[in-house]
Amino acid sequence: MSVEVVRPRHTGFCFGVRDALELTRKALEEDGEVIALGQVVHNARALEALESQGLRQAEAMPSERGSTVVVTAHGATPALFEEARGRGLKVVDTTCPLVRRVQRHAEELGRSDEVVVVVGHPAHSEVQGVVGWAGSSGAEVEVVSSLEEAAALPERERRGVVCQSTFPQVRFREIVEVIRARSGEVEVRDTTCPVVTQRQREALRSLLAEVDVVMVVGGRGSANTTALAETCAEVRPTHHVESAAEVLPEWFSPGQKVGITSGTSTPAWVVDEVEAACRAL
Ligand code: SF4
């Protein structure tokens with residue numbers, strides 16, 4: 001069976017993940033052993049390569065003074081940085097500048113508004129970090145990830161709103177409208193990541209119109225990959241795969257056009273392998 005493969009211009013790592021990995025590699029070269037507070041990349045093979053260089057992943061902070069810890073591209077709470085300083089740890093901060101921007105806006109709104117709403121997934125480490133910055137001067141913080149949750153918010157006089165960087169912009173705007181209906185005055189800071197928005201737009205405007213079936217490549221733990229797969233699935237049959245080994249011939253028919261896109265934390269070589277697997281069908 002042969003299929004035609006269509007791949008948009010932007011796939012593979014975004015600059016935030018690429019730079020975070022570069023800083024982690026540099027820390028490994030300098031310090032030998034480095035402890036990552038969370039997953040530095042949502043790809044098993046990329047992670048294994050770093051682990052073979054001395055990376056260890058931990059949920060809790062090490063107690064040994066002088067240990068090197070990496071804060072991932074998703075960022076962390078101000079309390080975590082303080083605790084690390086207090087323990088005498090060396091902190092390699094690889095927070096993406098666009099996540100740092102969300103944190104700065106959240107912190108600013110927290111100083112001037114009564115309540116800060118963070119639109120995003122509460123279990124995601126970026127959101128947990130942003131909540132920490134929003135509440136750092138004592139503001140009340142609410143987290144919502146759906147229209148239903150926004151509709152259940154109590155009525156308030158004033159609210160400030162920020163968004164998890166990788167949250168789909170279209171859904172963010174819909175949620176903001178519901179928040180407006182529950183609040184007097186609302187200050188909205190659209191902190192969605194333009195790289196993620198561009199991939200969503202690229203998929204919707206060109207890729208989906210052109211293809212019969214879509215492959216979205218990326219870790220299942222990656223929020224932006226999952227959101228991209230959901231967007232594609234609304235329009236075309238879509239398969240979210242982590243690697244080429246997951247590509248199944250029964251998903252395709254001869255002569256079909258297959259679109260391949262990826263999340264921002266997916267290495268380009270993994271997308272290349274998926275493309276090669278589709279071409280070899
Ligand atoms: S997806 Fe956007 S916010 Fe997240 S790491 Fe990449 S550039 Fe930064």
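Positions are given from 1, in the same order as the sequence printed here. Remember, it's 1-based here, ligands and their atoms both numbered in the order they're listed.
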Give a yes-or-no answer on whether the side chains of Gln169 and Asp190 include a donor-acceptor pair shorter than 3.5 Å. yes
Under-4.0 Å heavy-atom contact with ligand 1, by part of Asn224 that carries it: neither
Salt-bridge present (Glu187, Arg158; N to O < 4.0 Å): no
Identify, by atom number and element, the atoms of ligand 1 in contact range of Phe15, meaning under 4.0 Å from any of its heavy atoms. 7 (S)
I'd like to know if the side chain of Arg201 pairs up with that of Gln198 as donor and acceptor (distance under 3.5 Å, no hydrogens or angles considered). no
Among all protein heavy atoms in this structure, tell me which lies nearest to atom 1 (S) of ligand 1, with the distance rounded to 0.1 Å. Thr264 OG1, 3.3 Å
What protein heavy atom is closest to atom 8 (Fe) of ligand 1, reported as residue, atom name and distance in Å? Cys96 SG, 2.3 Å
Salt bridge flag under 4.0 Å for residues Lys26 and Asp31: no
Identify, by atom number and element, the atoms of ligand 1 in contact range of Val196, meaning under 4.0 Å from any of its heavy atoms. 1 (S)
Residues Glu126 and Ser165: side-chain donor-acceptor under 3.5 angstrom: yes
Side chains of Ser112 and Glu108: do they bring a donor and an acceptor to under 3.5 Å? no
Answer yes or no for Cys193: is there an N/O/S atom below the 2.8 Å cut-off from atom 6 (Fe) of ligand 1? no
Do me a favour and list the nearest non-hydrogen protein atom to atom 6 (Fe) of ligand 1 with residue, atom name and distance? Cys14 SG, 2.2 Å
Who's the nearest protein heavy-atom neighbour of atom 3 (S) of ligand 1, and how far? Ser165 OG, 3.5 Å
